[in-house]
Amino acid sequence: MKEKVLKFGKQQSIKEDWILKDINLAIEKGEATALVGRNGSGKSTLLKIMTRILFPDTGTLKINGRVSSLLELGAGFHPDFTGLENIYMNASILGLSKKEIDTKLNDIIAFSELEEYIYQPVRIYSSGMYMRLAFSVAISVDPDILLIDEVLAVGDNAFQKKCIEKIKELKGQGKTIVIVTHDNSMVEKICDRAVWINNGEIHADGLPRDIIMQYMAFLSKEEDKRLLKNNTVNSSDSNIIDSSEELAIQSTKTGDISLVSRTGNKKAEIVDVWFSDFKGDRKQNFNTGDSIIININYRINEKTNSTVFGVGFFTSDKIYCYGTNTHIDRFKVAGDLPVEGTVLFKIDKLMLLPGVYKLDVAVHHENGEPYDYVTSAYSFQVSSDITDVGVVRLEHTWEIGD
Ligand SMILES: Nc1ncnc2c1ncn2[C@@H]1O[C@H](COP(=O)(O)OP(=O)(O)OP(=O)(O)O)[C@@H](O)[C@H]1O
Ligand SMILES: [Mg+2]
């Protein structure tokens, strides 16, 4: 109504859109299902329909059992009420009587670990504290069906772990769980099924591992498209490509690509560097274990001998992961180096773990005289669906000794 009144007389441009289309989903009792998908794909909307706070324009929803839900942060709370008052309000919305709440109150407070704050209004709560209270209430209802949207991510590690344990326990008791999350490890830890929603439609449905793999592959393709687009924009300003999110942001802010440090007497220079797979397709986003070629396009301005090309890999927080050059590797060019050309640094299996990596590329004389050193100008991203930690995956096996 407000829109109608305020825009009175103006051209109205109301656009109708279907947020969810052809959703056909049966979730069995005892199943733990994850909904995954990009921002705005309709996951929360679907969850709200399951909670019955939204109703579909067409189609039906059938639910068997008591539902408890944990939707957006703070939903079902009043900011001016104390934690304690909100427990009563929230739990009664979820279907508990005052008497039931009285008996469960201590457990709820104990689980949330918010004893000290329980008489404070929740507007002074941090995001994590909100979530603690909401989660504690949601599970106290003893639901048959627990719906959780995202919120767990704001809890600290210890509390998140506690929530996961609790969810597993509920699952063990045969409760049905639907969880929306962008945390893939959570999907694999908790769920037996994952449903990928894309643009309001079910794109894939299956085992968490398979769906996550497909979804990750899709995301990295999208990311590739974006990074390649960024690169074309940048390379029109300068030959130096910078595609890392951080630096790209910095350089658009200042409009200054000279942020990238570059030294040398330019007897030879790095003209361009790009990444590809072994088929030669340009890529910016790789999975751990993929093949990668670093293509170094150079030009020799002054004829020199004993030219050495080198590369150095750094994490985005500047940890030096690996460096080598053609001299160390005893790689000799047969005959004269062409005046212009491309040197390929090929890695059969890129064993770096997920993250953004920056590359230093250099061309210099064997005795160290620098021709062109380009620092941190090039970057690529690595993704993986395995959750080991560190910088590099060391090939290994486990065994029990005697
Ligand atoms: N009340 C509303 N009125 C109009 N459009 C809405 C409303 N709520 C959500 N939408 C639209 O519905 C689409 C799906 O939103 P939804 O919140 O379900 O996405 P999501 O998959 O949960 O995303 P995220 O991962 O960001 O939480 C979005 O395009 C959003 O703009
Ligand atoms: Mg959402």
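Counting convention: from 1, in listed order, for ligands and their atoms alike. Worth knowing before you read on, the calculation uses all heavy atoms, side chains too, and leaves out hydrogens, waters and symmetry mates.
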Atom 30 (C) of ligand 1 within contact range, any protein heavy atom under 4.0 Å | no

Measure the distance from atom 27 (O) of ligand 1 to every protein heavy atom, then report the residue, atom name and distance (to 0.1 Å) of the closest one.
-> S44 OG, 3.7 Å

Any idea which protein heavy atom is nearest atom 28 (C) of ligand 1, and the distance to it?
-> G40 O, 3.8 Å

Describe, in one word, how the ring planes of Y322 and F313 are oriented to each other, choosing from parallel (under 30°), tilted (30 to 60°) and perpendicular (over 60°).
-> tilted

Any atoms of ligand 1 less than 4.0 Å from a non-hydrogen atom of H182? List them with their elements.
-> 25 (O)

Kindly state whether the ring of W196 and the ring of F218 have centres lying under 6.0 angstrom apart.
-> yes

Purely on distance, is any nitrogen or oxygen of G42 under 3.5 Å from one on ligand 1?
-> yes

Can you find a protein heavy atom under 4.0 Å from atom 1 (N) of ligand 1?
-> no

Worked check of side chain to side chain donor-acceptor pair (under 3.5 Å) between D102 and Y88 | CA-CA 9 Å; D102 286 339; Y88 278 92; 2.5 Å; yes

Note: ligand 1 atoms sitting under 4.0 Å from heavy atoms of I19 are 11 (C), 12 (O), 13 (C), 14 (C)

Y357/F314 aromatic ring centres below 6.0 Å = no

Out of E28, E188, E31, which residue meets the salt bridge (Lys or Arg N to Asp or Glu O under 4.0 Å) rule with R193?
-> E31

Would you say G37 and ligand 1 have an N/O pair spaced under 3.5 Å apart?
-> no

Protein heavy atom under 4.0 angstrom of atom 15 (O) of ligand 1, is there one?
-> yes

More than 12 foreign heavy atoms under 6.0 Å from CZ of F345: is that the case here?
-> yes

among protein heavy atoms, the one nearest atom 25 (O) of ligand 1 is K43 NZ, 2.6 Å

Parallel, tilted or perpendicular for W398 and H396, by the 30°/60° rule?
-> perpendicular

Taking only heavy atoms of T45 into account, list the atoms of ligand 1 that are under 4.0 Å away from them.
-> 14 (C), 15 (O), 16 (P), 18 (O)

Any protein heavy atom lying closer than 4.0 Å to atom 6 (C) of ligand 1?
-> no

Taking everything shown except K21 itself, do over 12 heavy atoms lie less than 6.0 Å from its NZ?
-> yes

Please find out if the Mg ion (ligand 2) and some N, O or S atom of S44 are separated by less than 2.8 Å.
-> yes

Shortest protein heavy-atom distance from atom 26 (O) of ligand 1, along with the residue and atom involved = N39 ND2, 2.9 Å

Work out which heavy atom in C191 is nearest to a heavy atom in T33; give both atom names and the distance.
-> SG-C, 3.9 Å

